[in-house]
Chemist: 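The following block contains the structure, expressed as structure tokens.
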Protein chains: 2
Amino acid sequence: MSHPEPLRTPPSENCSIVGTVDALGDSWSILVLRELFFGVHRFNDIQRDLDISRSVLTNRLNRLVDLGVAKVVPYQEPGDRARSEYRLTRKGVALLPVMVALMQWGDRYLNDGNGPVALRDRATGEAVRLELRTGDRPVEPNEIVPTVNT
Amino acid sequence: MSHPEPLRTPPSENCSIVGTVDALGDSWSILVLRELFFGVHRFNDIQRDLDISRSVLTNRLNRLVDLGVAKVVPYQEPGDRARSEYRLTRKGVALLPVMVALMQWGDRYLNDGNGPVALRDRATGEAVRLELRTGDRPVEPNEIVPTVNT
DNA sequence: GAATCTCAGTTCGTTCGACGAACTCAGAGT
DNA sequence: ACTCTGAGTTCGTCGAACGAACTGAGATTC
């Protein structure tokens, strides 16, 4: 934390953070992903939940589909015509750690330590948390240093 | 992944993801944080690295300081006048999991499995990774379900 | 078989923030 | 006095977000 300088890695070029951020780093994309994670899959539902402009929502959903993070799936409510909804692909589900990281930070620093939502193991019901680890033990953020892969 | 509906949690109100996202969810804030994590602390250095407009950079740095995520620290290069640079606070360092989550996803899905940067334990030099865990074992993203805290 | 309802999108005028080049400012060196 | 450097500020332009209204497909109702 104090001064032991963390290597001053060249952070510019093709760092994965840059790639991920300009693929889906804008606020709406992340919030739309949150909806999909939480089981809200339909255009109007997402639009109402987020209070997002319909044109922007169309744009973001298309972007997520183009990226292969979400996919269009047909559904049909009984006595209604066939429509489309959006679901996460495997690639999209793999973004869960990003969501959890945002959530845990917000829980701690914006909601005094405990937020309104918790994640649980579907099978056991146990709480799930996100952890930085090395080998077999947890590491604190300030013990970590970035290095360049050769 | 397939159809076992994940509870359809009411995701609207005061969810921590929303809070975190509209505090610092825009792309530039995240990229500025990346610079700070990687040891780039000075205005001109960040501006050049990111190729960000100077006015926007000023705005984002001020926002991060207002949020308590970064702080202004004076420095003085020998034979030059005193100037200011930006460093992460504890609250800012706590955002490392967000950065790592973005990085790991990008490494896997945008860079074929291995990115240019790795994180290591400062003491041992061992690689650090981010993991979803419950109790004492890792969990896969698709085994996880959101629940409401009562 | 015309009218109506629902949900998913599109259109388009307004508004707001990003972009970027040029400018300002403080202080140390020459 | 002049210059040099790093950290901002200014301001005109331009593109993206906003939001209210419109379109369109198919199923139900009268």
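Letters A, B, ... are given to chains in the order of the sequence lines, protein chains preceding strands, and every chain is numbered from 1.
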Chemist: In whole angstrom, what separates A/Arg42's CZ from C/dA8's C1'?
Modeler: 12 Å
Chemist: Side-chain N or O of A/Tyr86 less than 4.0 angstrom from OP1 or OP2 on C/dG9?
Modeler: yes
Chemist: Verify the neighbour count for atom CD of B/Glu126: are there more than 12 heavy atoms of other residues, nucleotides or ligands below 6.0 Å?
Modeler: yes
Chemist: Tell me: CD of A/Glu85 to P of C/dG9, nearest whole Å?
Modeler: 11 Å
Chemist: If you check every side-chain atom of A/Thr58, which of C/dT10, D/dT9, C/dC7 has the closest atom?
Modeler: C/dT10
Chemist: Over how many whole Å does the gap from A/Gln47 atom CD to C/dC7 atom P extend?
Modeler: 13 Å
Chemist: Can you name the atoms? Protein N/O to nucleotides 18-22 of chain D N/O, anything below 3.5 Å, with the distance.
Modeler:
| from | atom 1 | to | atom 2 | distance (Å) |
| --- | --- | --- | --- | --- |
| D/dC18 | OP1 | A/Trp28 | NE1 | 3.4 |
| D/dC18 | OP2 | A/Trp28 | NE1 | 3.1 |
| D/dG19 | N7 | A/Ser53 | OG | 3.1 |
| D/dG19 | O6 | A/Ser55 | OG | 3.2 |

Chemist: Please determine, by modelled atom types, if A/Asn44 and A/Arg54 share a side-chain donor-acceptor pair under 3.5 angstrom.
Modeler: yes
Chemist: Hey, which sits more toward the 5' end of DNA chain D by its nearest nucleotide, A/Gly79 or B/Phe43?
Modeler: B/Phe43
Chemist: Rounding to a whole Å, what distance do you find between B/Arg48:CZ and C/dC19:C1'?
Modeler: 18 Å
Chemist: Are any non-hydrogen side-chain atoms of B/Val32 and B/Leu24 less than 4.5 angstrom apart?
Modeler: no
Chemist: Under the criterion side chain to side chain donor-acceptor pair (under 3.5 Å), I'd like the reasoning laid out for B/Asp107 against A/Ser16: C-alpha separation, chi angles, the key distance, then a yes or no.
Modeler: CA-CA 6 Å; B/Asp107 285 348; A/Ser16 295; 2.3 Å; yes
Chemist: Measure the distance from CG on A/Asp49 to P on C/dC7 and round it to the nearest whole Å.
Modeler: 14 Å
Chemist: Does a side-chain heavy-atom distance below 4.5 Å link A/Asp22 with B/Ser27?
Modeler: no
Chemist: Specify the separation, in whole Å, of atom CG of A/Leu57 and atom C1' of C/dG9.
Modeler: 10 Å
Chemist: Assess, by modelled atom type and distance only, whether the side chains of B/Asn114 and B/Arg108 contain a donor and an acceptor separated by less than 3.5 Å.
Modeler: no
Chemist: Please give, in whole Å, the distance from C/dT10 P to A/Asn62 CG?
Modeler: 7 Å
Chemist: Regarding A/Asp80 and A/Arg83, does a basic nitrogen lie under 4.0 Å from an acidic carboxylate oxygen?
Modeler: yes
Chemist: Would you be so kind as to tabulate the donor-acceptor pairs closer than 3.5 Å made by side chains of residues 93-102 of chain A, with sequence neighbours excluded?
Modeler:
none

Chemist: Which is it for B/Asp26 and B/Arg63 under the side-chain contact (heavy atoms from CB on, under 4.5 Å) test, yes or no, and what are the steps along the way?
Modeler: CA-CA 11 Å; B/Asp26 82 297; B/Arg63 181 141 105 213; 3.1 Å; yes
Chemist: I'd like a list of close polar pairs between nucleotides 24-26 of chain D and the protein, N/O only, cut-off under 3.5 Å.
Modeler:
| from | atom 1 | to | atom 2 | distance (Å) |
| --- | --- | --- | --- | --- |
| D/dG24 | N2 | A/Arg81 | NH2 | 3.3 |
| D/dA25 | N3 | A/Arg81 | NE | 3.3 |
| D/dA25 | N3 | A/Arg81 | NH2 | 3.1 |

Chemist: CG of B/Asp26 versus C1' of D/dA16: gap in Å, rounded?
Modeler: 14 Å
Chemist: Examine C/dC7: is either OP1 or OP2 under 4.0 Å from a nitrogen or oxygen in the side chain of A/Asn44? Give yes or no.
Modeler: no
